[in-house]
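Only one structure is covered here, and it is reproduced in the block below.
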2 protein chains.
Amino acid sequence: MAQLSDSIEQFIKELMEEDAQIELKRNELAQHFGCAPSQINYVLATRFSVDHGYIIESRRGGGGYVRIVRMTHPSGSSLLETLLNRVGNSIDEESANAIAAFLYERKLVTKNEALLIKAAVSRNALQLPVSAKDVLRAAVLRNMLTQVFRNLEEG
Amino acid sequence: MAQLSDSIEQFIKELMEEDAQIELKRNELAQHFGCAPSQINYVLATRFSVDHGYIIESRRGGGGYVRIVRMTHPSGSSLLETLLNRVGNSIDEESANAIAAFLYERKLVTKNEALLIKAAVSRNALQLPVSAKDVLRAAVLRNMLTQVFRNLEEG
DNA sequence: ATAATTTGACTATCTCTGACTATTATATCC
DNA sequence: GGATATAATAGTCAGAGATAGTCAAATTAT
């Protein structure tokens, strides 16, 4: 009991009570718990995997971070609804890409399909003033998500 | 920790919101951010590369400058070029669907992928005044076509 | 015993700088 | 007016520093 991993999991989940998405420094967190940094990876891999409904994004180097995004959906609402909700009326490219990656990891789409989704919502594709891009990206992504799930039902 | 590189990227992108092309002085920008001039090159190389849809031109010596141009589309193979050409700057939904169907017939994309393309360029997805829809649809479709052919090259 | 956890050594990636190089414009000399 | 020197830019590259990732061995829990 009170395994280190459990404590770290608990700690992260408390941080996420407020927001469905947090960013942290792997090394800082490790130091906080007085453990090896790789311990953090272990916790993320075993308790915050896609199967558990989370998406992990990270960046190395100066200013690096680990971002944890909660993707679980309340029972009663479908995954599609959760995703549509997350997309909302406006979404930036990075988050849209994370959703495409999520779909791929969950095997809801193939790799090529994920790439197509990314292409459709990339900043290249949406040639509009930046402020409007996020809004349009959301609309395109919502439509594609709906299509993805329609395919699944039929298949 | 908004990294220096991120700040500079942001700064440049704000400058480019208005125009698809800007000119700046490398040294001035470096001074503005209190960093080494070569830092500017780093940001340009990592965030404004051709892959990111930008072209960099520059000139040294007195009155030198760095010009950043936002590309409208990358180049590709010849069928790709033909298709891109057919798409042009503006395309209606029916024609876009025809191209998706063509890709499927040619086995360049799977059925699901074709459906995804149709979803991305559908009237529903592109929530804009009718006049602008065709233009935007063309941009999205061009980007997706480019992605399709990129997949083919790698596969 | 078996499975889960924890660590540490090694690797990969990203950022930033500084020394050195290349190019262009302008001033100066004849 | 042309050649040459000087100043004003920008480019390149290797290395240091700052993070995060991986994986297998050691440890601990069940």
The side-chain hydrogen bond (donor to acceptor under 3.5 Å, both in side chains) partner of A:Lys13 among A:Gln10, A:Glu9, A:Glu17 is A:Glu9
message = I want to check something: taking the side chain as every heavy atom from C-beta on, are A:Glu28 and A:Leu24 in contact at a cut-off of under 4.5 Å?
response = no
Which nucleotide sits closest to the side chain of [X]: [options]?
| X | options | value |
| --- | --- | --- |
| B:Ala36 | D:dT19, C:dT7, C:dT17 | C:dT17 |
| B:Arg26 | C:dT17, C:dT6, D:dG11 | D:dG11 |
| B:Gln3 | D:dG11, C:dC16, C:dT5 | C:dC16 |

Contact list (N/O, under 3.5 angstrom) for nucleotides 11-13 of chain C vs protein:
from: C:dA12; atom 1: O4'; to: A:Arg60; atom 2: NH1; distance (Å): 3.4
from: C:dA12; atom 1: N3; to: A:Arg60; atom 2: NH1; distance (Å): 2.8

Query - Test item: B:Arg142 side-chain N/O and B:Gly88 main-chain N/O as donor-acceptor pair under 3.5 Å - result: yes
| said: For the backbone of B:Ser95 and the side chain of B:Asp92, can you confirm whether one donor and one acceptor N or O come within less than 3.5 Å of each other? | reply: yes
If you look at every strand shown and take non-hydrogen atoms under 4.0 Å, does [X] touch a base, only sugar-phosphate, or nothing?
| X | answer |
| --- | --- |
| B:Arg47 | sugar-phosphate |
| A:Asn41 | base |
| B:Gly62 | base |
| B:Ser58 | sugar-phosphate |

Quick one: [X] [atom1] to [N] [atom2], roughly how many Å, whole number?
| X | N | atom1 | atom2 | value |
| --- | --- | --- | --- | --- |
| A:Ile56 | D:dG21 | CD1 | P | 9 Å |
| B:Ile68 | D:dG11 | CD1 | P | 10 Å |
| A:Leu29 | C:dT7 | CG | P | 13 Å |
| B:Ile8 | C:dT17 | CD1 | P | 8 Å |
| B:Ile40 | D:dC13 | CD1 | P | 18 Å |
| A:Leu44 | C:dT5 | CG | C1' | 15 Å |
| A:Leu4 | D:dT27 | CG | P | 17 Å |
| B:Arg67 | D:dT9 | CZ | C1' | 15 Å |

Considering non-hydrogen atoms only, spot the tightest contact between [X] and [Y] and give its length.
| X | Y | answer |
| --- | --- | --- |
| A:Ala96 | A:Leu141 | CB-CD2, 3.8 Å |
| B:Ile56 | B:Leu44 | CD1-CD2, 4.0 Å |
| A:Arg137 | A:Val121 | NE-O, 2.6 Å |

Within less than 4.0 Å of OP1 or OP2 of [N], is there a side-chain N or O belonging to [X]?
| X | N | answer |
| --- | --- | --- |
| A:Lys25 | D:dA20 | no |
| B:Gln39 | C:dC16 | yes |
| A:Tyr42 | C:dT6 | no |
| A:Asn27 | D:dA20 | yes |

Using a distance-only criterion (donor-acceptor N/O pair, under 3.5 Å, no hydrogens), is the base of C:dG18 paired with the side chain of B:Ser38?
yes
Comparing nearest nucleotides in DNA chain C, the 5'-proximal residue of the pair B:Cys35, A:Cys35 is A:Cys35
Could you check whether atom CZ of A:Phe102 has more than 12 heavy atoms from other residues, nucleotides or ligands sitting under 6.0 Å from it?
yes
